[in-house]
Amino acid sequence: MKQVILVAILLTTEWLGVSVCGQAGMNSIDESVIRKFTPVSLDEAQAPDYDFQRANKLPMTGYFERSFDVNGSKRTAKFYIAASAPIRSFLTVIAVPEDFGTTEFLVASGWHDIADDNEEGLVLLEPGPGGWSDSDAEQEYIDAVMNFYSRNNYFSIFGISYLVGYDGGGTALEAWAATHPLLVVSQAYVNSESQSDAYYSRFDAILMDGRSTGYSQIEIPEEMKFACNEIPVPTAFVNPDLERVYRAISYWKKVNDAVSSSTSRPDYFSGADVYAQSSISDAWATAYSGPISKVVTLEANVDVIDPHLSNELYGFVTEYVSYENATAYGNHLAPRKAYGDIRTMMIEGQLREFQVYVPESAERLWPDGAPVVFIFAGNSQTDKVFFHNTLWWKVADKEGCILAIPCETYSRTSTSVSHASTGMFYKKLARYITEHYNVDPSRFYATGQSAGSFAAQGFGVTNPEYFAAIASTSGLSYPSDEGGFGRTPTSEATYKVIPNYCILGQGDIEMMTGTLWDGTKNMLDGWAAYFLEANGVGPLGDGSNGITEGRFRTWTWSNSQGFPLFRVGQTLYRAHNCIPAEMPRLWDFLKHWSFKDGVRYYDNVAIQSK
C-alpha cells in the first residue's frame, strides 16, 4: 500500500514545476507531462495505514481513479487530494467539460494548482463514452460517485461540498444539487442548461422533516416546516446565452430569496450581475449570519481551461461555508473565514495540531490580557472543521476573546479522528498559550460539542481549577462507575464549585433528551444532580424557573448572591449538532466569571462559600 501512495505523490509532484499560460489551449499542453500524470486505481487499493507523525493530514494523497457500474456500463471518476490536505478536507466536486480529457483539464485549467495552494481536494465527474447524457440519465452516476466519495476508507470530507459544473455535466450536477441542497455549500455552472419547469416545481411540495439518523426524531409543527427549495445555496451561472439557463436562474433566485434587481462592480467576478439575498429573508440557514447568499450571472463566452476563470469560480464558491447535513433545521450558511495560527506539539509521542485564533479586537478590548476560550471539538471533528462548524470566531471578533482549539488524533480509521490524552493536551496547550500570547489566565474558559463537551464537562468534575467557567453543547459528564462516555469514576469527583452551562438539542442523543422533570432518568438527570450539589444551588425545583426565547429554553439556578452558577438549555428543532446561534449564549454565561488564587469571581465580586 505504501508503494501505491508514494507513486501517487511522485506523479503529482512531477507536474508541479510545469506552468500553463492563462489562455492555454489543447495544443499548448505538453502531452509527455500529461501522460506521466496518471491516476492510481482505487478499485482494489487497500486503505492507507495510520501515520501518527502527520498531525491532522490525510495519509493518502495524490491522483486517483475509481470505476463504477452504472446500469451495466463502466463509468469512472477521478479524485485529486493535495499533499497537505487535512482530515475532513474541503473538496470541490467538478463535472468536467466534454472537449478535454479529465487529466488535461485538471492541469491546464489550474484546478490542480488551486487544490494544492489551498490544501484541498477535487472530485472529477467524467462524461460517458458518448459525452454527457441528459440530467435524468446522469443522476445514477452522480449518486454512485457521491455515495462513494462521502463514505470511503481512503480520505474523509468536510461533509458538505462545493459544486462546479461545465456543459452537460453542469446541467446534471445542478439537477442533483436541487435534490440535495443540504449537501451543497455553494455552486457555479459554466455553459449549462436549465431543467424543465416541472423538475423545479416538484420541490415546492417536498417539506423538510425533523428526522436525523442516529438521534431522536423531532416533531416539527406543520406551520413551521419549510420546503426543500427554501434552503439557501449561493449560485453562479456563466453562459454565452443566459436564456439557456433562464429557468435555472429563476429557480435559484427563489431558493436564495434573491432580490429582483442586480448590482455589479468591475472587480467582482468579471463584472457579473449579482442578485443579493433579500434583507427581509426568513431563511433558517441564514438566520444567524444574516442575508449573505446570492445568485450571480455572467453572460460571456469563456475559455473553460483559462486558470483565471477557474480562480473566479473557486473564489465564488469558497466565499461560503455550511454545516449540518442531517437536518435542515440545524443547517447554517456562513461566510468562510481564514484560520488562525495553525501549530503542532507532541503529546505522548504523537504530533498533534492546534489552532489559536487571535481577533484584531483582542488587544483593543483587553490590553492587559485577553480571555481564552478552549474549544474541544466533537468526535471526528478537527480544529479546522470546528472553526467553521461553530462560528466561535464571530464571538471572538466582537468580544476580543482568544480561541484555542486542540485537534483530535487518528482513531478508528486512518482518515478519522477522536479524542485522546485530552487532559495532557490541555495542560501543555494552556502553558503554551500563557507563554506566547497576551492572555488573562484568570479568564480561561472551556467549551465543546458532543465528545468535546464530555471532555469539558469532565474537567468540571475532576479539575474545576482549570477554568473560570464551563459552557458547552450536547455532551454531559457526572460521577459514575458504570464507565462509558461522560461517566467519570466516582473517586475522581471533587464536588467543588464550577459555574456550568450546557445546551442540548430537542432531538439530541436519546440519553440526553427530555427535561429534568419528565420522569425519565438519563444522563441529563445525573449531570444536573452532580453540579447542583457541587455548586450548592439546589434543590432541583419544579422547572418554573425556565425562560423561553424563540427556539431557546433556559433554566438557571443561582446562589444566595444571585450569581448564576448552573444553567441548562434546550434548543428546539435541532438534533445533536450545535448551531452557531448558541455560541453567543455560551459566551454571555462565561464572560462574567474569573478564577484567581482559588477564588471565583462574578463580575469581579467574589462568590461566597456554598
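Please read these numbers as outputs of a predicted model, since none were measured by experiment. Hydrogens, waters and symmetry mates are skipped; everything else that's a heavy atom, side chains included, is used. Start at 1 with the first residue, then count along the sequence.
- A donor-acceptor pair is defined here as one N or O able to donate and one able to accept, closer than 3.5 Å; such a pair exists between the side chain of S310 and the backbone of S109.
- Using modelled atom types, one finds a donor on one side chain and an acceptor on the other under 3.5 Å when comparing T571 with E582.
- F386 places none of its side-chain heavy atoms less than 4.5 Å from the side chain of T382.
- The shortest side-chain heavy-atom distance between S89 and L91 falls under the 4.5 Å cut-off.
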Kindly indicate, with the supporting measurements, whether the criterion side-chain contact (heavy atoms from CB on, under 4.5 Å) is fulfilled by Y357 and I402.
CA-CA 6 Å; Y357 179 74; I402 291 173; over 6 Å; no

Step by step, work out the salt bridge (charged side-chain N to carboxylate O under 4.0 Å, His left out) result for K294 and D273.
CA-CA 10 Å; K294 57 179 175 281; D273 290 323; over 6 Å; no

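- Across every non-hydrogen atom of P240 and N191, the tightest pair is CD-OD1, 3.2 Å.
- A ring-centre distance under 6.0 Å is found for F226 and Y329.
- The backbone N or O of G340 sits less than 3.5 Å from a side-chain atom of Q355, completing a donor-acceptor pair.
- Residues E120 and T92 have side chains that never bring a donor and an acceptor to within less than 3.5 angstrom of each other.
- Ring centroids of F148 and F79 are separated by less than 6.0 Å, placing the two rings close together.
- Between the side chains of R574 and S474, at least one donor-acceptor pair of N or O atoms lies under 3.5 Å.
- No donor-acceptor distance shorter than 3.5 angstrom exists from the side chain of E353 to the backbone of I342, with no hydrogens or angles considered.
- Between the D197 side chain and the R247 main chain, no donor and acceptor come within less than 3.5 Å of each other.
- Between H576 and Y215, the ring center distance clears the sub-6.0 Å criterion.
- Within a 6.0 Å sphere centred on CZ of R211, heavy atoms belonging to other residues, nucleotides or ligands number 12 at most.
- Using modelled atom types, no side-chain atom of S281 and backbone atom of Q277 make a donor-acceptor pair closer than 3.5 Å.
- Annotation: side chain of I231 is not in contact with side chain of V255 (no heavy-atom distance under 4.5 Å).
- Taking OH of Y199 as the reference point, atom CG of D136 lies at 7.0 Å (rounded to 0.5 Å).
- For the pair L182 and N325, the tightest heavy-atom approach, listed with the atom from each and the gap, is O-CB, 3.4 Å.
- Residues K384 and I87 form no side-chain contact, since every pair of their non-hydrogen atoms from C-beta on lies 4.5 Å or further apart.
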Given D303 and L309, is the side-chain contact (heavy atoms from CB on, under 4.5 Å) satisfied, shown in steps?
CA-CA 8 Å; D303 179 358; L309 173 65; over 6 Å; no

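- Two rings, from Y320 and H388, have their centers 6.0 Å or more apart.
- Proximity of R66 to R75: side-chain heavy atoms (C-beta onward) are nowhere separated by under 4.5 Å.
- Between atom OG1 of residue T61 and atom CZ of residue R54 there is a gap of 6.0 Å, rounded to the nearest 0.5 Å.
- The closest side-chain donor-acceptor pair between N239 and E299, if any, does not fall under 3.5 angstrom.
- Using a distance-only test at 3.5 Å, with no hydrogens or angles considered, no donor-acceptor pair links the side chain of E399 to the main chain of A396.
- Note that CE of M583 is 11.5 Å distant from CG of L403, once rounded to the nearest 0.5 Å.
- For the pair E324 and H332, the minimum side-chain heavy-atom distance is 4.5 Å or more.
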Decide ring-ring contact (aromatic ring centres under 6.0 Å, His included) for Y166 and F105; before the verdict, give the C-alpha distance in whole Å, the side-chain angles of both, and the deciding distance to 0.1 Å.
CA-CA 11 Å; Y166 300 81; F105 172 76; 5.1 Å; yes

ring-ring contact (aromatic ring centres under 6.0 Å, His included) between Y63 and H112, intermediate numbers included:
CA-CA 10 Å; Y63 189 35; H112 169 276; 8.3 Å; no

Decide salt bridge (charged side-chain N to carboxylate O under 4.0 Å, His left out) for E126 and K78; before the verdict, give the C-alpha distance in whole Å, the side-chain angles of both, and the deciding distance to 0.1 Å.
CA-CA 8 Å; E126 303 179 286; K78 293 182 173 60; 2.7 Å; yes

Could you walk me through whether E312 and S270 pass the side chain to side chain donor-acceptor pair (under 3.5 Å) test, one step at a time?
CA-CA 8 Å; E312 289 271 47; S270 300; 3.0 Å; yes

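- For the pair Y149 and I157, the minimum side-chain heavy-atom distance is below 4.5 Å.
- With hydrogens and angles disregarded, a donor-acceptor distance shorter than 3.5 Å links the side chain of Q139 to the backbone of S135.
- No side-chain donor from either of T415 and N153 sits under 3.5 Å from a side-chain acceptor of the other.
- With no hydrogens or angles considered, a side-chain donor-acceptor pair links D43 and S67 at under 3.5 Å.
- For W132 (side chain) and V96 (main-chain N/O), a donor-acceptor pair under 3.5 Å exists by modelled atom type.
- Crowding of K398 atom NZ: a count of heavy atoms from other residues, nucleotides or ligands under 6.0 Å not exceeding 12.
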For I579 and R551, what are the C-alpha separation, side-chain angles and deciding distance, and is it a side-chain contact (heavy atoms from CB on, under 4.5 Å)?
CA-CA 11 Å; I579 62 172; R551 66 189 295 189; 3.8 Å; yes

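- A distance-only check finds no donor-acceptor pair linking the side chain of D167 to the backbone of G169 [under 3.5 Å].
- For the residue pair P232 and T286, the shortest heavy atom distance occurs at CG-CG2, 4.2 Å.
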Going through the distances and angles, do T390 and Y323 end up as a side chain to side chain donor-acceptor pair (under 3.5 Å)?
CA-CA 9 Å; T390 61; Y323 202 80; over 6 Å; no

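- By the neighbour-count criterion of 12 heavy atoms within 6.0 Å, atom OH of Y246 is sparsely surrounded, having that number or fewer from other residues, nucleotides or ligands.
- Between the side chain of Q187 and the backbone N or O of Y162 there is no donor-acceptor pair closer than 3.5 Å.
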Just do the side-chain contact (heavy atoms from CB on, under 4.5 Å) check on W176 and L163 with the steps written out, would you?
CA-CA 10 Å; W176 186 89; L163 306 186; 4.3 Å; yes

Criterion side chain to side chain donor-acceptor pair (under 3.5 Å) on Y268 and T263, from CA distance to verdict
CA-CA 11 Å; Y268 180 75; T263 61; over 6 Å; no

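- Side chains of L207 and E230 form no contact here, defined as non-hydrogen atoms less than 4.5 Å apart.
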So N389 and N577, side chain to side chain donor-acceptor pair (under 3.5 Å) or not? Walk me through it.
CA-CA 9 Å; N389 176 2; N577 283 328; 5.1 Å; no

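- Rounded to the nearest 0.5 Å, atoms NE2 (H180) and OG (S161) are 12.0 Å apart.
- Expressed to the nearest 0.5 Å, how far CG of N311 lies from CG of D306 amounts to 9.0 Å.
- Among all heavy-atom pairs drawn from V295 and N256, the shortest one is CG2-ND2, 3.7 Å.
- Outside the 6.0 Å centre-distance limit, the rings of W392 and F387 are not counted as a close aromatic pair.
- From Y141, atom OH reaches atom CE of M146 across 11.0 Å, with rounding to the nearest 0.5 Å.
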